[in-house]
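This report concerns only the one structure given below.
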Amino acid sequence: MEHGARQRFASLPPFIVMGVSGTGKTTVGQLLAAELGIEFLDGDDLHSAANKAKMASGTPLDDDDRWPWLRAVALHLGSDSPPVIACSALKRAYRDYLRARVPQAFFIHLTGAKEKIVEHLAFRSHEFMSPTLVDSQLSTLEPLDPDEAHLIAPIDVPPDEVCRTILAKLAESLPEATATTDADPEAAATTDATDSDRSPTHRPHADH
């Protein structure tokens with residue numbers, strides 16, 4: 001992805017890149033964070049050793065396993081400078097927990113056909129996430145509801161294109177945000193300086 005015209009936003013909510021294993025949360029999250037000029041955090045790194053061992057054995061996590069992990073995710077999400085966080089956030093209850101602690105949280109859901117997800121998993125090596133958990137995660141996944149701030153990004157294109165799609169949708173979804181190019185701040189400064197140099201006598205005025 002070219003970075004000559006990075007998207008710049010005046011105001012950003014805390015972002016959670018969500019979806020089942022194999023949708024590319026880490027890759028897309030890293031690209032998005034780089035484009036936005038903020039840090040990235042892989043939520044998988046916040047799992048306990050016991051959770052990691054359980055998943056590596058092919059055993060799905062239950063809610064008792066996930067709540068301490070979600071508390072750790074919420075802690076980072078609610079920090080003064082929150083990173084883009086990759087977090088499966090499969091159930092509405094999990095997302096409600098995060099939103100209760102960070103109300104401005106914005107979810108970016110990476111979606112794709114099971115065949116595409118399995119294909120992705122076949123070409124990667126993960127420390128503890130077993131490919132056998134895909135069916136479990138897909139059955140656990142609860143789609144986002146309209147009252148959850150979010151956008152949906154299909155993964156049927158390469159990750160850099162997925163990231164571009166997300167940035168374009170964010171520019172539409174966040175009306176308070178301003179997207180500019182790297183050159184725009186300088187241009188804006190030039191315009192401001194020109195305006196300030198104008199004498200009041202040269203300013204247009206209305207006839208009375």
Side-chain angles (χ1 to χ4, degrees), residues 12-34 36 38-112 114 116-118 120-122 124-145 147-153 155 159 162-163 166:
L12 290 171
F15 291 115
I16 300 170
V17 180
M18 61 166 285
V20 302
S21 178
T23 51
K25 296 187 296 294
T26 298
T27 300
V28 173
Q30 288 172 333
L31 289 170
L32 180 62
L36 296 175
I38 56 182
E39 297 296 318
F40 170 78
L41 175 64
D42 192 335
D44 282 348
D45 293 339
L46 301 177
H47 275 296
S48 67
N51 279 3
K52 292 179 181 180
K54 190 172 183 178
M55 288 186 285
S57 72
T59 305
L61 299 181
D62 57 30
D63 285 353
D64 288 340
D65 299 317
R66 291 184 183 276
W67 291 124
W69 171 63
L70 287 166
R71 281 196 290 271
V73 171
L75 183 64
H76 287 277
L77 194 67
S79 65
D80 291 338
S81 299
V84 172
I85 300 181
C87 170
S88 53
L90 300 178
K91 286 185 177 182
R92 170 71 192 238
Y94 303 159
R95 300 190 297 269
D96 283 350
Y97 178 90
L98 295 173
R99 293 168 63 220
R101 284 148 185 81
V102 188
Q104 66 272 36
F106 191 101
F107 298 93
I108 298 170
H109 187 191
L110 304 185
T111 63
K114 177 182 175 180
K116 187 70 173 179
I117 294 169
V118 171
H120 283 183
L121 289 172
R124 78 168 198 179
S125 176
H126 195 281
E127 176 190 359
F128 53 83
M129 181 60 71
S130 171
T132 62
L133 295 176
V134 173
D135 285 335
S136 171
Q137 290 202 345
L138 287 172
S139 65
T140 300
L141 176 64
E142 296 175 356
L144 288 148
D145 289 315
D147 65 322
E148 299 176 273
H150 74 278
L151 64 80
I152 295 174
I155 60 166
V162 175
C163 185
I166 291 170

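The two residues K114 and L138 make their nearest non-hydrogen contact at CG-CD1, 3.8 Å. Of all heavy-atom pairs spanning P14 and Q104, the tightest one is CD-CG, 3.2 Å. In this structure, P159 and T27 approach most closely via the heavy-atom pair CB-CG2, 3.7 Å.
Within the 4.5 Å cutoff, the side chain of R101 has no heavy atoms near those of the L77 side chain. Taking the side chain as every heavy atom from C-beta outward, L31 and L36 never approach each other to under 4.5 Å. Proximity of L46 to L41: side-chain heavy atoms (C-beta onward) are separated by under 4.5 Å at one or more points. The shortest side-chain heavy-atom distance between L151 and F106 falls under the 4.5 Å cut-off.
Partners of D96 under the salt bridge (charged side-chain N to carboxylate O under 4.0 Å, His left out) rule, at least two apart in sequence or in another chain, are R92, R99.
No donor-acceptor pair closer than 3.5 Å links the side chain of D145 to the backbone N or O of E148. Side chain of S139 to main chain of D135: a donor-acceptor pair is present (N/O by atom type, distance under 3.5 Å, no hydrogens or angles). Checking side-chain atoms of N51 against main-chain N and O of D65 turns up a donor-acceptor pair under 3.5 Å. Proximity of a side-chain donor or acceptor of K116 to a complementary backbone N or O of I155 within less than 3.5 Å is not detected.
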Side-chain donor-acceptor contacts of residues 80-88 below 3.5 Å, not counting sequence neighbours, with atom names and distances?
none

Identify all side-chain donor-acceptor contacts of residues 69-76 below 3.5 Å with residues at least two apart in sequence or on another chain.
{"unit_1": "W69", "atom_1": "NE1", "unit_2": "G43", "atom_2": "O", "d": "2.8"}

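Note that OG of S21 is 8.5 Å distant from CD1 of I117, once rounded to the nearest 0.5 Å. For the atom pair CE (M55) and NE2 (H47), the distance works out to 4.0 Å, reported to the nearest 0.5 Å. Between atom CD1 of residue I152 and atom CZ of residue F107 there is a gap of 13.0 Å, rounded to the nearest 0.5 Å. Between the CD1 atom in I108 and the OG1 atom in T111 there is a gap of 12.5 Å [rounded to 0.5 Å]. The structure places NE2 of H109 at 12.5 Å from CD1 of I16, a figure rounded to the nearest 0.5 Å. The structure places CE of M18 at 9.0 Å from OG1 of T23, a figure rounded to the nearest 0.5 Å.
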TODO: Could you go through the side chain to side chain contact (heavy atoms under 4.5 Å, CB included) check for F40 and T26 one step at a time?
DONE: CA-CA 9 Å; F40 170 78; T26 298; 4.0 Å; yes

Salt bridge (charged side-chain N to carboxylate O under 4.0 Å, His left out) assessment of D63 paired with K91 | CA-CA 10 Å; D63 285 353; K91 286 185 177 182; 3.4 Å; yes

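Ion pair K52/D45 not flagged as a salt bridge, since none of the NZ, NE, NH1 or NH2 atoms sits closer than 4.0 Å to an Asp/Glu carboxylate oxygen.
By the neighbour-count criterion of 12 heavy atoms within 6.0 Å, atom CD of E39 is sparsely surrounded, having that number or fewer from other residues, nucleotides or ligands.
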